[in-house]
Amino acid sequence: MKFIRALCVIVFALGVGMLALSIARPVNVVQMPSVELNAVTGIPAPPSELGWTEVKQDDMPYRLYICGVCDVSDDGSVDIWFYNPDDNQALLTLNVYQGDDLLCETGFLKPGEYLESVQLSSVPADGSAITYQIVGYEPDTYYSLGNVSLNTEVS
């Protein structure tokens with residue numbers, strides 16, 4: 001009987017200890033990106049004057065297409081023609097920065113989708129430096145596949 005009582009006390013103490021550890025230790029939660037509601041399925045046909053180009057390097061696990069010319073309209077919209085090719089095994093998102101200020105954040109594009117334009121939260125002046133930050137995610141786990149930053153300026 002003493003043995004069973006001692007065993008119960010030990011099991012209870014271990015349970016309390018495990019609970020304390022699980023509460024005290026931070027949990028690494030993966031934030032699932034949201035779906036881009038304005039995404040269009042298909043291959044875009046942007047105007048040639050916007051400098052639409054493929055972005056791919058040997059060490060990148062995905063590729064993308066985007067316009068290098070950042071022509072911001074008076075209402076803050078920018079035609080970017082951001083495209084996630086059909087053969088990618090990644091979900092892609094885009095953030096637009098002016099310095100440290102986040103001007104726009106998209107939801108993810110599935111392979112075979114594109115986003116013609118984005119709406120900036122403020123209108124930067126002509127000549128302002130702009131950074132497009134693209135992040136790739138694994139489709140099943142939403143773990144990051146890395147990011148790429150592209151620098152341009154408002155024209």
Is [X] reaching over with its side chain to a backbone N or O of [Y], donor-acceptor style, under 3.5 angstrom?
X      : Y      : answer
Gln119 : Asp75  : yes
Thr152 : Ile130 : no
Glu138 : Asp140 : no
Asn84  : Leu109 : yes
Glu36  : Gly107 : yes
Thr106 : Leu94  : yes

Taking the side chain as every heavy atom from C-beta outward, state whether [X] and [Y] have any atom pair closer than 4.5 Å.
X      : Y      : value
Val135 : Leu91  : no
Val78  : Ser117 : no
Tyr132 : Asn151 : no
Glu54  : Arg63  : yes
Phe82  : Val118 : no
Pro47  : Trp81  : yes
Tyr62  : Leu145 : yes

Inset, instruction - Calculate, to the nearest 0.5 Å, the distance between atoms SG and CG belonging to Cys67 and Leu150 respectively. - result: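 Rounded to the nearest 0.5 Å, the SG-CG separation comes to 11.5 Å.
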
Legend entry - Distance (rounded to the nearest 0.5 Å) between Gln98 CD and Ser121 OG: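 Nearest 0.5 Å value for the CD-OG distance: 9.0 Å.
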
If Ile, Leu, Val, Met, Phe, Trp and Tyr residues are connected whenever their side-chain heavy atoms lie under 4.5 Å apart, and connections chain through other members, are [X] and [Y] in the same group?
X      : Y     : value
Leu50  : Val40 : yes
Leu64  : Val69 : no
Val154 : Ile80 : yes

Legend entry - Aromatic ring pairing Tyr83/Tyr114, orientation class (parallel under 30°, perpendicular over 60°, tilted between):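 Rings of Tyr83 and Tyr114: perpendicular, over 60°.
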
Minimal non-hydrogen separation, [X] against [Y], with atom names:
X      : Y      : answer
Gln89  : Pro139 : O-CD, 3.5 Å
Ser149 : Thr131 : CB-CG2, 4.0 Å
Ser128 : Ala125 : OG-O, 2.7 Å
Lys110 : Glu113 : N-OE1, 2.9 Å

Legend entry - Trace of the side-chain contact (heavy atoms from CB on, under 4.5 Å) decision for Val72 with Asp126: CA-CA 8 Å; Val72 181; Asp126 284 353; over 6 Å; no

Inset, instruction - Please step through side-chain contact (heavy atoms from CB on, under 4.5 Å) for the pair Val96 and Leu120, ending with a clear verdict. - result: CA-CA 8 Å; Val96 180; Leu120 304 182; 3.9 Å; yes

Legend entry - Tyr65-Trp52 aromatic ring centre distance below 6.0 Å: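 Tyr65 vs Trp52: aromatic centres under 6.0 Å.
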
Legend entry - side-chain contact (heavy atoms from CB on, under 4.5 Å) assessment of Asp74 paired with Val123: CA-CA 7 Å; Asp74 291 339; Val123 179; over 6 Å; no

Inset, instruction - Please say whether more than 12 non-hydrogen atoms of neighbouring residues, nucleotides or ligands are located less than 6.0 Å from CG in Asp59. - result: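 Atom CG in Asp59 is crowded, with more than 12 foreign heavy atoms closer than 6.0 Å.
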
Legend entry - Test side chain to side chain contact (heavy atoms under 4.5 Å, CB included) applied to Asn95 and Ile134, Leu102, Asn147, the passing residue: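 Testing Asn95 for a side chain to side chain contact (heavy atoms under 4.5 Å, CB included) against Ile134, Leu102, Asn147 leaves exactly one candidate, Leu102.
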
Legend entry - Asp71 and Ser155 side chains, donor-acceptor separation under 3.5 Å: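 Judged by distance alone, the side chains do not pair up.
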
